[in-house]
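Just so it is clear: chains get the letters A, B, ... in the order the sequence lines come, proteins before strands, and each one is counted from 1. Model, not experiment: these values are computed from the prediction.
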There are 2 protein chains.
Amino acid sequence: MTQPAAHRRASIADVARAAGVSVGTVSNVLNRPERVLPATRERVEAAIDELSFVRNGSARQLRAGTITTIGAIVLDIANPFFTDVARGIEERLDRDDFTLMVASSDDDPDREQRYLRLFEEHGVQGVMVVPATHDIEHLLAVRRRGTGVVLLDRPSSDPGISSVAVDDVRGGELAARHLLDEGHTRIVFLNGPHTIRQCADRHEGVTKALAAAGLDPASALVEVTVTSLNAEGGEAAIRAILDSGNRPTAVFCVNDLVALGVLRTLRTENIAVPTEMAVVGYDDVAFAAELSTPLTSVRQPTHELGVRAADLLLSGPDTAAEHVMFQPTLVVRGSSSTSAS
Amino acid sequence: MTQPAAHRRASIADVARAAGVSVGTVSNVLNRPERVLPATRERVEAAIDELSFVRNGSARQLRAGTITTIGAIVLDIANPFFTDVARGIEERLDRDDFTLMVASSDDDPDREQRYLRLFEEHGVQGVMVVPATHDIEHLLAVRRRGTGVVLLDRPSSDPGISSVAVDDVRGGELAARHLLDEGHTRIVFLNGPHTIRQCADRHEGVTKALAAAGLDPASALVEVTVTSLNAEGGEAAIRAILDSGNRPTAVFCVNDLVALGVLRTLRTENIAVPTEMAVVGYDDVAFAAELSTPLTSVRQPTHELGVRAADLLLSGPDTAAEHVMFQPTLVVRGSSSTSAS
DNA sequence: GGTTCCTCGTGAAACGGTTCATAATGTAGC
DNA sequence: GCTACATTATGAACCGTTTCACGAGGAACC
């Protein structure tokens, strides 16, 4: 049974002809079946099956104008943080029978632009973007043209555009205060470059906690910049610190992968965690609790982040822009406290 | 500066009027700028900026017919396996300036259908699907209607539809043979339900390896079905086994999360890994190597899987269907061998 | 029997682009 | 000066839906 190579797909007119009705009737069967006599409807439905007709979405949308899809552009689709957020978005959209399409910009402004245009040209109701650039003028333009825009994981600098983010200053503060509470007086912070907003904010939080405890950040805080934010980066950084001979009693890592590298190194060096050195991570990834030394980490409400972002987009373009800031929480585990579970 | 509430977006006709040219000329500026006099072009471009005109993708596509987008429907966008595959797809598509949109079916046939229809109605060049059902008749129908279809992580049962998968029988075999090579004569296999193809295949592989070693699977293999394929599931399963008193020396887990639960339990029970009990996982997730007892695992070429799938889809509908089967490899680490790094 | 109302079905007008045959203008060749 | 031809610009047809004013045919009521 050879299928016709590239035959034109059946149109509504073909169906109408086959069923002996008008195109309007076919359209009614498709969209308001209750308005058409059962007998007629069945005839049309038979013709649809017969021709294996599939609506042309472009034509439909061109005429009808609206579409119940929203797009999301994240930095990296392989990053658990973003996929967890995406799950939250999906869950919320499902309730309103919206569909979600995800694309990843790979932190490349050009790719972000490309997907943004693609989504806009296809008339999505809105887009959620984790901006790859500091400047969001292009997003404001999209907003002005009538497409909903919500900034993800980034507080909006513009009153006209909604945003959903997590308080990274607070996150840094929580981690540092916990370490201080545990009796440490000097903290090493393995952080990413300050060009990444999250990193700069977390640094600010740490500084704040130290100051609140009456410590001078200049001496009580040692910040080390980790180039690659993964286990290898963490390993290299902690090794350099150990080699320096000035061994700290507490290390705060900008994310859990970096913390993983630190834990691994400490283990091979036979440095006991948390008694000789306490370690705190960030993100509370799924396996943080599963490590042989369960990792204390700053948890971000990823799921709620997504749900809330979807909420804002679905609330329509008429409601005022809203800026939601979630608060992170600290999950204390064995890597930083002997009294933890 | 209040923006017009829901003003109609500027159309090509508006631009033409503003620039004092015809719609055809505007279209030419957009699509074949070299055919229009620089002076005219500039006038049109100025009008486009002025009106902040954005092409209507639906109208464009309705007339032009084609679109350089492909869709992917995976089971769970939060599963690292699928996102790694997605990265591979993206990389390959980028070379041809195609764009990828990802949706997750959540293993729900209805959602799969919904996204499938959405993609088809919008005329994507092709879809990649990890089918949620055993039956793929609906995918064949899509294929017959002219949209490219490639099965992901699932060998095709139909000669007309391409597929890209990993040999799970071989994966099971590799893991089992490794454990036998390490001197074990009885293996406990914490597997998922056999309704999941991958699970059934891996079981077959294990059986094969045992038979090849001259062992009787009936006595040398104990298969335990894990209900939830995560750390909690693994923990519950291994605990039941320990409680039974018939402690094995080797455990093979259907994925790394299950293995994680096992490792955690063995640690709290003070059972040494790998000397008292060897553990092997599956998927070789990013953190497998980072655990304090690095986990031996079966690695699947996720990235290549994605690249190849994209290859097949881009090769066009005229080329014959192809069935690509990748081979997994075993990564030996400390959880199963004392001689491993 | 005439009026009103209701139910179904019709067909043509949008929607906003792309494409193509054609026209208008200029340039070169003889 | 005339033909031949290239270069630009034009505008109408078309893509496949949805929508809506309208008509046809009954049924119900006075």
Side-chain angles (χ1 to χ4, degrees), chain A residues 6-45 47-48 51-68 117-118 120-124 145-147, chain B residues 6-45 47-48 51-68 117-118 120-124 145-147:
Chain A
H7 246 1
R8 195 176 54 80
R9 278 165 32 163
S11 78
I12 241 187
D14 298 326
V15 174
R17 205 171 309 122
V21 297
S22 74
V23 292
T25 302
V26 177
S27 181
N28 278 336
V29 169
L30 255 25
N31 302 305
R32 305 184 218 64
E34 74 284 358
R35 288 204 194 163
V36 51
L37 220 54
T40 320
R41 192 191 327 170
E42 276 161 30
R43 212 145 30 90
V44 172
E45 276 163 356
I48 287 176
L51 300 172
S52 72
F53 162 78
V54 175
R55 254 211 283 265
N56 181 321
S58 306
R60 170 187 177 71
Q61 190 185 332
L62 171 58
R63 178 61 229 226
T66 170
I67 186 184
T68 57
R117 176 137 37 131
L118 190 70
E120 192 182 1
E121 285 188 355
H122 280 78
V124 298
R145 282 180 228 119
T147 302
Chain B
H7 245 0
R8 197 176 52 80
R9 276 165 34 164
S11 78
I12 236 185
D14 298 326
V15 174
R17 204 171 309 122
V21 297
S22 72
V23 292
T25 302
V26 177
S27 180
N28 279 335
V29 169
L30 255 25
N31 301 305
R32 307 184 217 63
E34 74 284 359
R35 287 205 196 163
V36 51
L37 220 55
T40 321
R41 190 190 328 166
E42 275 162 31
R43 212 143 32 89
V44 172
E45 276 162 355
I48 287 177
L51 300 173
S52 72
F53 162 78
V54 175
R55 257 211 284 268
N56 181 322
S58 307
R60 169 189 177 72
Q61 192 185 331
L62 172 59
R63 180 61 232 230
T66 169
I67 187 182
T68 56
R117 175 137 37 130
L118 191 70
E120 192 182 2
E121 285 188 355
H122 279 80
V124 298
R145 282 181 228 117
T147 302

Check: Pairs in or reaching into residues 10-30 of chain B: which pass salt bridge (charged side-chain N to carboxylate O under 4.0 Å, His left out), with residues at least two apart or in two chains?
Finding: B:R8-B:D14, B:D14-B:R17
Next item on the list: Could you list all the salt bridge (charged side-chain N to carboxylate O under 4.0 Å, His left out) pairs where at least one residue sits in residues 20-31 of chain B, not counting sequence neighbours?
Entry: none
Check: First and last nucleotide of DNA chain C touching chain A, 5' to 3', heavy-atom cut-off 4.0 Å?
Finding: C:dC8 to C:dG16
Next item on the list: Could I get the full list of salt bridge (charged side-chain N to carboxylate O under 4.0 Å, His left out) partners for B:R35, not counting sequence neighbours?
Entry: none
Note to self: For B:I48, give me all partners under side chain to side chain contact (heavy atoms under 4.5 Å, CB included), at least two apart in sequence or on another chain.
What the structure shows: B:V15, B:L30, B:V44, B:F53
Next item on the list: Give one of base, sugar-phosphate or nothing for B:S11, where a contact means two heavy atoms less than 4.0 Å apart.
Entry: sugar-phosphate
Notebook entry, point to check: Are any side-chain N or O atoms of A:R43 and backbone N or O atoms of A:A19, one a donor and one an acceptor, separated by less than 3.5 Å?
Noted result: yes
Item checked: A:R55: partners by side chain to side chain donor-acceptor pair (under 3.5 Å), with sequence neighbours left out -> A:N31
Next item on the list: Determine to 10° how strongly the helix from C:dG1-D:dC30 to C:dC30-D:dG1 is bent, judged from the axes of its five-pair ends.
Entry: 50°
Next item on the list: Grab the CD1-C1' distance between B:I67 and D:dG16 for me, whole Å please.
Entry: 16 Å
Item checked: Distance, rounded to the nearest Å, where A:L62 contributes CG and D:dC15 contributes P -> 14 Å
Next item on the list: State which residues pass side chain to side chain donor-acceptor pair (under 3.5 Å) with A:S52; sequence neighbours excluded, sorted by chain then number.
Entry: none
Next item on the list: Please identify each residue that fulfils side chain to side chain contact (heavy atoms under 4.5 Å, CB included) with A:R63, with sequence neighbours left out.
Entry: none
Notebook entry, point to check: Taking only residues two or more places apart in sequence, or in another chain, which ones meet A:T147 in a side chain to side chain donor-acceptor pair (under 3.5 Å)?
Noted result: none
Next item on the list: Between protein and nucleotides 4-12 of chain D, map the contacts as a letter string: B base, S sugar-phosphate only, - none, heavy atoms under 4.0 Å, written 5' to 3'.
Entry: ----SSBB-
Notebook entry, point to check: What's the CZ-P distance between A:R63 and D:dT17, to the nearest Å?
Noted result: 14 Å
Notebook entry, point to check: In chain order, what residues pass the side chain to side chain contact (heavy atoms under 4.5 Å, CB included) check against B:V23, with sequence neighbours excluded?
Noted result: B:I12, B:A13, B:A16
